[in-house]
Undergrad: 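First, the structure itself, so that you have it in front of you.
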Amino acid sequence: MRRRSIFALITTAGLFGGGAHAVDPGVPATAGAPAAAATAPRVAVLTGEQVVQILDQTVDWYRTLGTQQQNATQPSDLLILFANRQTADKVVGLAFEIARANAELLSSEASSGQGAADAAAQSLTRQQNQLDAQRQSIQQEIDASRKKLASSGKDKQDIEAKLPELQGELSMVNARKNLLDTMTEFVNTSDPKAAGASALKAQIDAIAATIPNSGANAAAAPSGTGSSSGASSGAAPPAGNDGRAAPARYGIWDLATEALRQRNKIEAIDLINQRTAALAETFEKTGARPLTQLKTYAAHSEALAAQADNAGSGTLKDLRGEFDTLAWLFKQTSEILIPLTKEQVLLRQYQHNLGNWRESAARQYHDALTALGVRSGIVAGILVIVFVLAEVWRRAVLRYAHEPRRRYQLLLVRTIVLWTIVCAVVGLSFVTEISTFATFAGLLTAGLAVAMQSVLVSVVGYFFLIGKYGIRVGDRIQIGAVVGEVIDLGLVRMHLMELNQQGPLGPTGRVVAFANLIVFQASGGLFKQIPGVNLSWHETTLTLPAVKDYAALKDRLLAAISAVLSNYSEEIARQTKEIERSTASSSVSDATPQVQMHLANGQMQALVRYPVHLQHAAEIDERVAQAVLKVIAESD
């Protein structure tokens, strides 16, 4: 319990100058002063939460070595990675050294700030000491009585009668001693600060176990760690020009990949450098408090030295205890400040290595971009020459080949030769090895297949279009909102002569082209009249006025529409039978008009549906509209 007595002395003597409970150094220390028991001294540099936060940040920064290892692709990169790994191991080891030193201060601070628990423990300790002395006295008396009983026969009866009494008294003292021991153990283990300090130590060990190879579990490094680490880290030479000549051997694909890889490497280095700077800033901010505490301890030590010059023998004994306490605190705080200073030096060296690495990556990135630009320029020049020669060929064919078939053949050969040369030039410019070229050719073929997917699907769609119920030249079809007559059906696409839908049926003067892949598309749809059938259904919705008998109104509407369609009933009936015969379906209903009524927004509406002959569709729609409006007007 030496440390507890030390901090009790610190509290009463007021070693922490400037605190709310500080005592003037000239005032003699009073053990057990009420002010001392009221507030525990703050000697730790960091709280437990701050220690864990710094360790988490340090461990997270240490794991960036994995990213560096992924980006280290050249010998110079590996040298820098090796130096950074050594430096990172030392940084992590020092961080855990700082954490453990601060945990010791927190543990000592917890043992000094027990307050009422300390007073109870001191009272129990005094009672234990008294019982120990009493038990020792009784035991000595028992031993003396036994010796008298063995050596002399005088007063034998008195001694024999006294021994049981002494044994009973000793048993009672032992029972009281056991009770006090149990109470003392409970008081000592019920301190939350001491439990928190113990939990912090366990948490530090658990975090250290997550990176066993980093030096986090190692003992404190010797004093020369900072200089040796700087030397080892600085021994890594700056990255040279190992990769400068390499890009000349690459194709465009490899050059572009190399440039992208170097760019990603630069971004990764910049991100690691930012996290290193943030960690260095954290350690720099943390180093301000232990430096201030050391200055406070030094100033108080000088004050105690001045006080000791004129002190008596009794006061000197108390001052010796205060000097011991100051020495212990100074040593513990120094064990935090020194590693913090080393951390800043190591992290600066780490940033210097990262700077060298970034400079090397930037140089290689520039070289790759330069080589890529030169190679792309050469390929572009060759392609320009090829296209110029192809244009000369085309003009020569148009000028000297007058037979259409011969001209077509020459132009076709020109197209084939042109694109074969273009593909060869582009392919050879992207790769430099035959195996790589074969891979690229396979990728190019797959790309062409994907690019011509619509054309291939259109060719397949042609065979679907000419099948049963297929399309023929002269058929009237509807694709989406376009209605037209087929005037050409090719292998890839079809052409329609658009027909007017608003007025009398006839051409609008426009030709619409559709790819044959329309048969595989779900949207839009393709509608075709059954061969020999020129019948369609039209429908419209009417809002009816308020009348008493909607059934009678419905009958009048049906009668009016049927009267309009009576002039075309024979043709409509014939085409209805043709539909039934062509489709072999018995579900075709009679081509009679229909009226369906329903409520919408509180009003009665009628859905009118009737068949029309496409040649007279506009005329029938007009007559039906007039008849329906007449019936509605008569119902008002």
Side-chain angles (χ1 to χ4, degrees), residues 474-486 496-510 512 523-580 582-583 585 587-636:
D475 287 348
R476 184 179 295 111
I477 65 174
Q478 179 179 353
I479 300 177
V482 178
V483 177
E485 183 177 324
V486 179
L496 306 181
M497 181 178 62
E498 187 181 25
L499 298 178
N500 186 17
Q501 302 181 62
Q502 303 300 328
L505 191 64
T508 62
R510 297 186 301 180
V512 186
S523 61
L526 189 152
F527 304 91
K528 176 186 179 299
Q529 290 293 128
I530 297 176
V533 176
N534 200 16
L535 183 67
S536 178
W537 285 84
H538 288 185
E539 63 182 24
T540 183
T541 302
L542 305 173
T543 301
L544 301 178
V547 297
K548 295 182 179 179
D549 190 357
Y550 283 102
L553 178 59
K554 177 180 178 179
D555 293 338
R556 290 196 300 272
L557 287 173
L558 285 173
I561 298 173
S562 299
V564 173
L565 297 178
S566 62
N567 296 331
Y568 312 96
S569 58
E570 293 182 1
E571 181 65 21
I572 292 174
R574 185 191 65 80
Q575 294 196 21
T576 302
K577 292 181 180 180
E578 184 67 21
I579 293 174
E580 185 175 358
S582 299
T583 59
S585 173
S587 61
V588 180
S589 60
D590 295 335
T592 57
Q594 301 174 5
V595 176
Q596 296 179 351
M597 293 187 174
H598 61 277
L599 283 173
N601 298 326
Q603 293 182 336
M604 184 66 75
Q605 293 185 350
L607 175 64
V608 179
R609 189 171 183 268
Y610 54 94
V612 297
H613 189 273
L614 291 177
Q615 295 294 339
H616 307 282
E619 178 185 353
I620 294 174
D621 288 341
E622 182 179 358
R623 294 182 61 183
V624 168
Q626 292 175 355
V628 168
L629 292 176
K630 182 178 179 181
V631 171
I632 293 175
E634 293 174 355
S635 301
D636 291 339

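Since this is a predicted model, take the numbers as computed values, not measurements.
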Undergrad: Compare all side-chain heavy atoms of P593 with those of V608 and state whether any distance is below 4.5 angstrom.
TA: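 No, too far: nothing below the 4.5 Å cut-off.
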Undergrad: Walk me through it: do L496 and V486 pass the test side chain to side chain contact (heavy atoms under 4.5 Å, CB included)?
TA: CA-CA 5 Å; L496 306 181; V486 179; 3.6 Å; yes
Undergrad: Any heavy-atom pair between the side chains of T592 and S562 that's under 4.5 Å?
TA: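 Not touching, per the 4.5 Å side-chain cut-off.
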Undergrad: Kindly compute the distance separating CD1 (I632) from CG (L542), expressed to the nearest 0.5 Å.
TA: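 Result: 5.0 Å between the selected atoms.
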Undergrad: Kindly give the heavy-atom pair with the smallest separation between L544 and A606, and that separation in Å.
TA: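 Looks like CD1-CB, 3.8 Å.
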Undergrad: D475 versus E485: any side-chain heavy-atom pair under 4.5 Å?
TA: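 Contact flag for D475/E485 side chains = no.
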Undergrad: side-chain contact (heavy atoms from CB on, under 4.5 Å) with T543: which residues, sequence neighbours excluded?
TA: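 Counting only residues at least two positions away or on another chain, T543 forms a side-chain contact (heavy atoms from CB on, under 4.5 Å) with Q603, Q605.
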Undergrad: Just by modelled atom types, is the V595 backbone N or O under 3.5 Å from a matching donor or acceptor in the K554 side chain?
TA: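 Looks like yes, one N/O pair under 3.5 Å.
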Undergrad: Go through the structure and list residues passing side-chain contact (heavy atoms from CB on, under 4.5 Å) with V624, not counting sequence neighbours.
TA: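 Expected list: I561, V564, Y610, I620, V628.
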Undergrad: Kindly indicate whether the side chain of M597, heavy atoms from C-beta on, has any atom under 4.5 Å from the side chain of M604.
TA: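 The answer is yes, as the side chains (C-beta and beyond) meet within the 4.5 Å cut-off.
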Undergrad: Do the side chains of E498 and V483 get nearer than 4.5 Å, heavy atoms only?
TA: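 A side-chain contact is absent here, since even the closest heavy-atom pair is not under 4.5 Å.
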Undergrad: What distance separates R556 CZ from K630 NZ, expressed to the nearest 0.5 Å?
TA: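 Nearest 0.5 Å value for the CZ-NZ distance: 12.5 Å.
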